[in-house]
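Labels below follow one simple rule: chain letters A, B, ... track the order of the sequence lines, proteins then strands, and each chain is numbered from 1.
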Amino acid sequence: MIRMRFAPSPTGMLHVGNARTALFNWLWARKNNGKFILRIEDTDMERSKSKWEKAILDDLRWLGLDWDEGPDIGGDYGRYRQSERLDLYHEYASQLVKDDLAYPCYCTPEELGQKRKEQLSRKQPLKYDGYCSQLTNRGRNLFKAQGRKPTLRFRVDGDKLCFKDLVKGEMEFVLGNLGDFIIMRSDGWPTYNLAAVIDDSLMEITHIIRGDDHLSNTPKQILLYKALKLYAPVFVHIPLICDMHNKPLSKRYWYSSIVQYRQEGYLPEALVNYLALLGWSPKNGREIMGIDELIDSFALEDISGSAAVFDIKKATWVNSEYIKKLKPDDLMSACMPYLKSADEYAQSLTELEPEQLKNMLAAIAPGLKTLKDVSNEAVPYLIDSIEGILDTQSPSFSEKDIEVLKAFNEKLVSADIFRAEDLKIILKQLKKETGASGRGLYLPIRLGITGEPHGPELFELLPLLGKKGCIERLKQTFNWLDSNAAKV
RNA sequence: GUCCCCAUCGUCUAGUUUGGCUUAGGACACCGCCCUUUCAAGGCGGCGACACCGGUUCAAAUCCGGUUGGGGACGCCA
């Protein structure tokens, strides 16, 4: 049974990088009919907040990355918050002390900082000098008498350590430049390395897919697995995601946290699709892939070894592809929240007849990059009054344009029915009578009816507005022109 | 300072394991054309890369060494 995990620390929003890590783990679990476990690594009491845990869970759900075991639903492998597993860490840590594989260290953070500074200025490798590893009982008692609370350090022993990483290949680390490291804090809480090792082993995690910033932690962890006689998982270190300056993605950019994508109108399936393409690509070269296809073609051997730059333009393109594929009903319900939270124009759309709104949205869908665009794209075509738009857009009409508009208005008034075919005939006649064609014909009509120079196909739009709607809008435009004579 | 990772178009990448099939393929972006008697959408096309130096070889993007560049780790963060 393949058991994968995602183990975020609740110290902030779910980021794009973490989301991709979660996704890869999830994909591998689902592909192998394995389990996907969510574990909260909240051993940093200072920074961990339950509101962040909640936010992360929300984002994962939104992305569609569901878990089989986790803090909210439990599971057969015990508690899923590290803060609730303290007894386990103590148990294993005291075992290490008993075996003399770990020892109490009384150095204070200040002293350690000082030592580090000196090593740096002497251009020496940065590592713990092992001072407390030599401590006699008397020395220990002396520190205790001072009221110092010790940390626990793991004794690093041996000359080198090898392991295989599924992406990076055979790894070899020289242990000589690794100092004894802290596994238990002076306040009795474990550090990341200890807690993660114990949990991954007890939870029988088979593969760990994580960012390659953890690559140099891995030797420490393997040392711990060995010392604790615990089973170690397979390591898969994936490259980081960078911004356009080639720095690991930071919160500096709005698009680095997942929650932003909800607000900006990205579809979760689209984001998942794009994220999957960052550092991985399928053998067949396909790019737009639904979740099932993603699961089907995902393979660890196709993960790239080099860092990827997050390209918001491509992410947006993927999103627009997904919007185009939406069925009218789904499109409408997907757009609704964005219409409701937009300005009053957009809100008035939500009161339209569902059928009419659906048709309108379908007409503008091909031009949407994000769902949020819907308010900008749709409003000008759907509201009854375009006076506000005319005031803000202030389109300019030539004399010829106005002539065309007036002629168009007359044709409309005398038109029997008004469908796309009727419109075509009307325009044909208009062209003949006014001599206007192409841009000279279409643009004034678009402006006169919508106030905007861009928008969906007129042949779809105008029939939806209806004869009455078009005439009403033209009337508004004529009025606007009269009161803005200077602009004509 | 020490250790580790990475290096193909502006970006994501294919090709690298098993050297020739590659005038290095695809996608985004950009540009142009076509379609639609408009914009967008759509179709077609263009631009555009093997970081550098050496070695091995009949042959190297592909193997080896070095250089440079970028990133990571060295924390009582994860």
Side-chain angles (χ1 to χ4, degrees), chain A residues 7-9 11 41-44 46-48 105 107-109 112-113 116 119-128 149-153 165 167-169 171-174 176-179 181-187 189-193 195-196 210-220 237 239-240 242 244 246-248 274 277-281 283-288 301-302 304-318 320 324 364-368 377 424 427-428 430-431 436-447 452-459:
Chain A
S9 66
T11 55
E41 307 218 322
D42 54 355
T43 53
D44 183 343
E46 300 273 299
R47 297 192 299 151
S48 295
C105 170
C107 300
T108 64
L112 293 170
R116 221 170 278 131
Q119 287 170 342
L120 207 59
S121 67
R122 278 194 245 121
K123 296 191 186 297
Q124 288 175 333
L126 261 34
K127 64 174 216 184
Y128 181 59
K149 290 256 182 285
T151 62
L152 236 43
R153 277 189 193 269
D165 182 276
V167 171
K168 307 288 183 180
M171 304 292 306
E172 181 184 307
F173 283 83
V174 180
N177 38 49
L178 198 69
F181 56 91
I182 294 176
I183 53 176
M184 199 64 91
R185 290 183 252 247
S186 54
D187 63 6
W189 285 60
T191 60
Y192 162 70
N193 284 123
R210 63 176 18 165
D212 68 10
D213 50 338
H214 284 290
L215 200 52
S216 41
N217 275 323
T218 311
K220 295 181 192 172
H237 286 97
L240 267 18
C242 299
M244 65 270 258
N246 246 292
K247 303 282 177 201
Y274 177 68
L277 258 17
L278 246 30
W280 171 78
S281 64
K283 277 270 182 289
N284 59 20
R286 282 173 55 82
E287 297 206 293
I288 300 298
E301 59 182 13
D302 295 328
S304 145
S306 54
V309 173
F310 188 94
D311 182 3
I312 186 64
K313 288 226 178 104
K314 185 148 183 175
T316 304
W317 170 74
V318 172
S320 71
K324 278 174 211 155
I364 65 164
L368 292 180
E377 296 283 322
K424 278 186 183 158
L427 286 178
K428 221 169 206 168
L430 260 187
K431 183 186 175 189
S437 70
R439 200 182 169 79
L441 176 66
Y442 274 68
L443 194 59
I445 293 178
R446 179 180 290 286
L447 287 173
E452 297 263 2
H454 301 284
E457 181 64 57
L458 284 181
F459 290 111

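- For Arg153(A), counting side-chain heavy atoms from C-beta on, the closest listed nucleotide (rC76(B), rU38(B), rU11(B)) is rC76(B).
- Side chain of Lys168(A) to main chain of Gly305(A): a donor-acceptor pair is present (N/O by atom type, distance under 3.5 Å, no hydrogens or angles).
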Atom pairs, protein N/O to nucleotides 61-66 of chain B N/O, distance under 3.5 Å:
none

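- Rounded to whole Å, the C1' atom of rC64(B) lies 13 Å from the corresponding atom of rG19(B).
- Of all nucleotides present, only rU2(B) satisfies the Watson-Crick or G-U wobble test against rA73(B), with each distance under 3.5 Å.
- One interatomic measurement links the two molecules: NZ of Lys283(A) to C1' of rG25(B), which rounds to 15 Å at whole-angstrom precision.
- Following rounding to the nearest Å, Ile288(A) (CD1) and rG26(B) (P) show an atom-to-atom distance of 17 Å.
- The side chain to side chain donor-acceptor pair (under 3.5 Å) check on Asp302(A) picks up Lys283(A), with sequence neighbours excluded.
- Judged by closest nucleotide on RNA chain B, Leu277(A) is the one of Leu277(A) and Arg47(A) placed further toward the 5' end.
- Using cut-offs of 30° and 60° for the angle between ring planes, the Tyr274(A) and Phe310(A) rings count as perpendicular.
- In terms of modelled atom types and a separation under 3.5 Å, the side chain of Asp165(A) and the main chain of His237(A) share a donor-acceptor contact.
- Looking at residues two or more places apart in sequence or on another chain, you find a side chain to side chain contact (heavy atoms under 4.5 Å, CB included) between Lys149(A) and Ser186(A).
- To the nearest angstrom, C1' of rG10(B) lies 17 Å from CD1 of Ile312(A).
- Among residues two or more places apart in sequence or in another chain, the side chain to side chain contact (heavy atoms under 4.5 Å, CB included) test is passed with Ile182(A) by Thr151(A), Arg153(A), Thr191(A).
- Val309(A) comes within contact range of the sugar-phosphate backbone alone, with a heavy-atom separation under 4.0 Å but no base atom that close.
- Atom pair Ile445(A):CD1 and rU36(B):C1' shows a separation of 15 Å (rounding to whole Å applied).
- Using the Watson-Crick or G-U wobble rule with both distances under 3.5 Å, rU38(B) pairs with nothing in any strand shown.
- In terms of position on RNA chain B, the residue among Lys123(A) and Phe310(A) whose nearest nucleotide sits closer to the 5' end is Lys123(A).
- Nucleic acid contact for Cys105(A): none, since no nucleic acid atom lies under 4.0 Å from a heavy atom of the residue.
- Nucleic acid contact class of Gly285(A) (heavy atoms, under 4.0 Å, all strands): none.
- Between the side chain of Thr218(A) and the backbone N or O of His214(A) there is at least one donor-acceptor pair closer than 3.5 Å.
- The residue Leu178(A) sits apart from the nucleic acid: no heavy atom pair falls under 4.0 Å.
- Not counting sequence neighbours, Trp317(A) has no partner by the ring pair (Phe, Tyr, Trp, His ring centres under 6.0 Å) test.
- For Ser281(A) and rC12(B), the shortest distance from a side-chain N or O to OP1 or OP2 is not below 4.0 Å.
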Pairs: protein N or O with nucleotides 73-75 of chain B N or O, under 3.5 Å:
{"from": "rA73(B)", "atom 1": "O4'", "to": "Ser216(A)", "atom 2": "OG", "distance (Å)": "3.0"}
{"from": "rA73(B)", "atom 1": "O2'", "to": "Ser216(A)", "atom 2": "OG", "distance (Å)": "3.0"}
{"from": "rC74(B)", "atom 1": "O2'", "to": "Leu126(A)", "atom 2": "O", "distance (Å)": "2.6"}
{"from": "rG75(B)", "atom 1": "OP1", "to": "Arg116(A)", "atom 2": "NE", "distance (Å)": "3.4"}

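- Across all strands, Met171(A) comes closer than 4.0 Å only to sugar-phosphate atoms, never to a base (heavy-atom distances).
- Across all strands shown, rG43(B) is found opposite rC33(B) as a Watson-Crick or G-U wobble partner, with both distances under 3.5 Å.
- rA59(B): no Watson-Crick or G-U partner with both key distances under 3.5 Å is found in any strand.
- Scored by the salt bridge (Lys or Arg N to Asp or Glu O under 4.0 Å) test, Lys220(A) finds no partners at all (sequence neighbours excluded).
- Taking Ser304(A) as the reference, Ser306(A) meet the side chain to side chain contact (heavy atoms under 4.5 Å, CB included) condition, with sequence neighbours excluded.
- Residue contacts shown for Glu41(A) are limited to sugar-phosphate atoms, with no base heavy atom under 4.0 Å away.
- Set against rA78(B), rG72(B), rC12(B), the side chain of Pro248(A) has rG72(B) as its closest nucleotide.
- Checking rC5(B), rA78(B), rU38(B) against every side-chain atom of Tyr442(A), the shortest atom distance belongs to rU38(B).
- Contacts of Glu41(A) classified as side chain to side chain donor-acceptor pair (under 3.5 Å), with partners at least two apart in sequence or in another chain: Arg39(A), Gln82(A).
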Restricting to nitrogen or oxygen on both sides, can you table the protein-nucleotides 40-42 of chain B pairs closer than 3.5 Å?
{"from": "rA41(B)", "atom 1": "O3'", "to": "Lys324(A)", "atom 2": "NZ", "distance (Å)": "3.4"}
{"from": "rG42(B)", "atom 1": "OP1", "to": "Lys324(A)", "atom 2": "NZ", "distance (Å)": "2.9"}

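- Distance check on atom P: rG46(B) versus rU67(B) gives 41 Å, rounded to whole Å.
- Residues that satisfy the ring pair (Phe, Tyr, Trp, His ring centres under 6.0 Å) test with Tyr442(A), not counting sequence neighbours, are absent from this structure.
- Across all strands shown, Leu120(A) has no heavy atoms under 4.0 Å from either base or sugar-phosphate atoms.
- You'll find that the side chain of Lys314(A) is closest to rG26(B), out of rC5(B), rG26(B), rC3(B).
- Across all strands shown, Thr108(A) has heavy atoms under 4.0 Å from base atoms, whether or not it also approaches the sugar-phosphate.
- Distances from the side chain of Leu427(A) to the nucleotides rG26(B), rU37(B), rU13(B) place rU37(B) closest.
- Within the 4.0 angstrom heavy-atom criterion, only backbone atoms of the sugar-phosphate kind lie near Ser306(A); the bases stay farther away.
- Applying the side chain to side chain contact (heavy atoms under 4.5 Å, CB included) criterion to Glu46(A), with sequence neighbours excluded, gives Asp44(A).
- Nucleotide rA51(B) forms a pair with rU67(B), judged by Watson-Crick or G-U wobble geometry with both contacts under 3.5 Å.
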